[in-house]
Every structure is written in structure tokens, then in C-alpha cells.
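Everything below concerns the one structure shown next.
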There are 2 protein chains.
Amino acid sequence: MTDTCLCKLISADEIDDIKAALPGPGVIAKLAEFFKVFGDPSRITLLYYLSKRELCVADLASLAGMGQSAVSHQLKILRLSRLVKTRKEGTVVYYSLDDEHIQKLFDVALQHVEEA
Amino acid sequence: MTDTCLCKLISADEIDDIKAALPGPGVIAKLAEFFKVFGDPSRITLLYYLSKRELCVADLASLAGMGQSAVSHQLKILRLSRLVKTRKEGTVVYYSLDDEHIQKLFDVALQHVEEA
DNA sequence: CCCATTCATGAATATGTGTTCATATATTAA
DNA sequence: TTAATATATGAACACATATTCATGAATGGG
């Protein structure tokens with residue numbers, strides 16, 4: 001056990017304060033799950049196209065250069081994360097964005113990425 | 001091939017416009033990599049603690065309830081993503097945040113998560 | 001009613017990822 | 001130098017995940 005460290009001289013009070021303000025495990029898990037959805041190039045691409053206009057599955061596949069099944073699987077993840085919504089017209093399902101925060105997230109991330 | 005869809009009646013011009021505005025594959029990959037870093041509960045926890053104060057590896061491990069090695073591995077990822085920076089004092093390495101956007105990202109994500 | 005089309009879904013597979021264990025590196029003290 | 005401590009690193013393992021393939025479900029046309 002090498003877990004003894006001089007810098008542990010944070011006061012017990014301060015430790016308690018910091019730990020108390022930590023979001024619960026449930027919230028942390030949800031945060032991670034949320035970010036994980038954005039952590040895939042295919043989903044980023046789909047979200048980008050949907051940020052431009054409502055699109056059906058086949059067109060998304062065509063635009064993104066992905067197979068129909070792959071798109072469908074990814075759209076399910078985006079649906080479960082409440083990032084996109086659907087509108088059905090006959091056999092065609094139109095997808096569109098369902099979250100006004102997405103563009104803001106992209107902007108912040110782009111800022112970081114471009115600060116290379 | 002079942003990739004023929006009526007809704008493909010987007011004009012060729014519109015398709016070109018949308019595709020032209022798509023960030024290049026490099027940028028999309030970087031965006032995904034960036035978000036992926038936040039897509040893990042351990043890293044979220046470490047970032048949270050570092051948002052409170054500078055901390056050494058052993059204390060981070062203790063606070064987060066993780067092994068020293070696991071923390072070190074995750075800190076390396078955060079370092080390579082330029083999200084944290086280090087300061088060495090003897091054998092002790094102090095970590096602290098190195099990006100002013102992190103809190104903003106957390107805020108947006110929390111908003112989404114809490115809109116359940 | 002039968003068929004074609006669009007999308008969803010389950011299984012299989014290949015790849016990626018987080019933790020642990022053991023060990024190496026670096027710094028300080030004796 | 002030797003020993004001790006803090007951190008970093010590499011290999012191994014277990015687990016998650018993205019895609020493909022095959023197929024199922026739903027809708028509309030003939």
C-alpha cells in the first residue's frame with residue numbers, strides 16, 4: 001500500500017466539503033453516459049446532418065456514407081438519449097434534433113479542439 | 001440495396017451545401033475523441049475533484065476511491081487531451097485543470113440530464 | 001391478399017477500453 | 001549508495017461497443 005501522501009494534509013473539513021459537493025454516483029453515471037453518446041464519429045456526423053434539416057434514415061445513411069442498419073442502430077442510441085425525435089410518414093421515418101444544447105456543446109468542443 | 005428513398009428529393013444543390021459545411025473527417029474525429037474523454041465516470045469524478053483544487057495522484061485516488069495505477073492511467077488521458085496540467089514538487093505531482101470550458105460543458109450536460 | 005419498400009432488431013464479430021498486477025522511473029533521505 | 005516513497009508504464013484480462021449480416025415488423029401500392 002503506497003497510498004500515503006504528504007499532500008493529504010488537506011484538512012478533514014475540506015475533504016468533507018469537497019466530497020459533499022460531489023454529484024451523486026447516479027448523476028455522474030448519467031453525465032458520462034451523455035458524453036459517451038457524443039464520443040463517436042458516426043453519431044457526431046449524424047447529429048451534424050440533422051442540425052441542418054430533418055432527414056429520413058436512408059438519406060442519413062447516404063449522406064453519412066454508412067449502412068442503413070448501422071444508422072438505425074446509432075439513431076436508436078440518439079433516441080434513447082433524447083437527442084433526436086422522429087416523425088413517421090407512411091413507411092418513412094424522419095429524424096430531427098430534439099435538444100437545443102447540442103450546438104452549444106459542439107461550439108465549446110470545437111473551441112478546445114482548435115486550440116491545438 | 002434498399003437505399004432508395006423518396007425523401008431523396010432534396011435538391012442536389014442542397015445536398016452539396018450540407019456536405020460542404022460538414023467539418024472535415026479530421027475535425028469530426030477530434031470532436032469525438034474530445035467527448036469520449038468525458039464519457040467515463042472515473043474521469044468525470046477526477047475532473048470534478050480537480051475543479052475544486054489542485055491535488056496529487058494519491059489524494060485523487062483516495063478521494064475517488066480508485067487505485068493509484070488506474071488514476072495514473074486516466075490522468076494520462078486527461079493530460080494528452082490537454083484538460084489537466086501538472087506541477088512537480090519533489091516526488092509529488094500535483095494535477096490541476098487546464099481548460100476553462102470544462103465547467104461550461106458540465107453545466108450544459110447537467111441541464112440535459114436533469115430534464116428527465 | 002401479396003409484394004415491395006423502409007426501418008428496426010438480434011446475433012456474431014472485431015476492435016476498443018478500464019482496471020489490476022507487476023514493475024520501472026524519479027526523487028529524496030539516511 | 002541504499003532504501004523508501006510517489007508516480008508512470010506495460011501486459012493481461014474482462015467488458016463494452018460499432019459494424020455487418022440476416023431477418024422481422026410496419027406500411028402502402030397494385
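Proteins get letters first, then strands, A, B, ... in listed order; numbering begins at 1 in each.
Sorted by first and then second residue, the salt bridge (Lys or Arg N to Asp or Glu O under 4.0 Å) pairs with a member in residues 34-52 of chain A read A:Glu33-A:Lys36; sequence neighbours excluded. Pairs engaging residues 13-33 of chain A under the ring-ring contact (aromatic ring centres under 6.0 Å, His included) rule: none recorded [sequence neighbours left out]. For residues 55-87 of chain B, there are no ring-ring contact (aromatic ring centres under 6.0 Å, His included) pairs, not counting sequence neighbours. Sorted by first and then second residue, the pairs that involve residues 89-115 of chain A and meet salt bridge (Lys or Arg N to Asp or Glu O under 4.0 Å), not counting sequence neighbours, are A:Arg87-A:Glu89. Every pair tested for salt bridge (Lys or Arg N to Asp or Glu O under 4.0 Å) that includes a residue from residues 62-83 of chain A fails, sequence neighbours excluded, so the list is empty.
Between the CG atom of A:Leu46 and the P atom of D:dT19 there is a distance of 9 Å, rounded to whole Å. With rounding to whole Å, A:Tyr94 atom OH is found 13 Å from C:dA8 atom P. Rounding to whole angstrom units, CG of residue A:Leu55 and C1' of C:dC7 are separated by 15 Å. Atom CE in B:Met66 sits about 14 Å away from atom C1' in D:dT7, given to the nearest Å. Rounded to an integer number of Å, the gap from CG of B:Leu60 to C1' of D:dA8 is 15 Å.
A donor-acceptor pair under 3.5 Å is formed between the side chain of B:Ser51 and the backbone N or O of B:Tyr48.
In terms of the side-chain contact (heavy atoms from CB on, under 4.5 Å) criterion, residue partners of A:Ser81 (sequence neighbours excluded) are, by chain and number, A:Val37, A:Ile77, A:Leu83. Under the rule for a ring-ring contact (aromatic ring centres under 6.0 Å, His included), B:Phe106 has no partner lying at least two apart in sequence or in another chain. A search for side chain to side chain donor-acceptor pair (under 3.5 Å) contacts involving A:Tyr49 returns nothing, not counting sequence neighbours. Partners of A:Ser96 under the side-chain contact (heavy atoms from CB on, under 4.5 Å) rule, at least two apart in sequence or in another chain, are A:Glu54, A:Lys85.
Counting heavy atoms from C-beta outward, B:Leu22 and B:Ile28 have side chains that approach closer than 4.5 Å.
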Can you check each nucleotide of nucleotides 9-15 of chain C against protein heavy atoms at under 4.0 Å and return B for base, S for sugar-phosphate only, - for none, in 5' to 3' order?
-> BB-----
Are any protein N/O atoms closer than 3.5 Å to N/O atoms in nucleotides 28-30 of chain C? If there are, list each pair with its distance.
none

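Considering only the side chain of B:Ile77, C:dG18 comes nearest among D:dT7, C:dG18, C:dC7. Distance from the side chain of A:Val57 is smallest to C:dA8 among D:dT19, C:dA26, C:dA8.
Of all the residues in residues 23-41 of chain A, A:Lys36, A:Asp40 reach under 4.0 Å from DNA chain D with at least one non-hydrogen atom.
Contact check, B:Lys88 against C:dA26: no side-chain N or O comes under 4.0 Å of OP1 or OP2. Contact annotation: B:Gln74 side-chain N/O to C:dT17 OP1/OP2 distance is not under 4.0 Å. Look at A:Tyr95 and you won't find any side-chain N or O under 4.0 angstrom from OP1 or OP2 of C:dT6.
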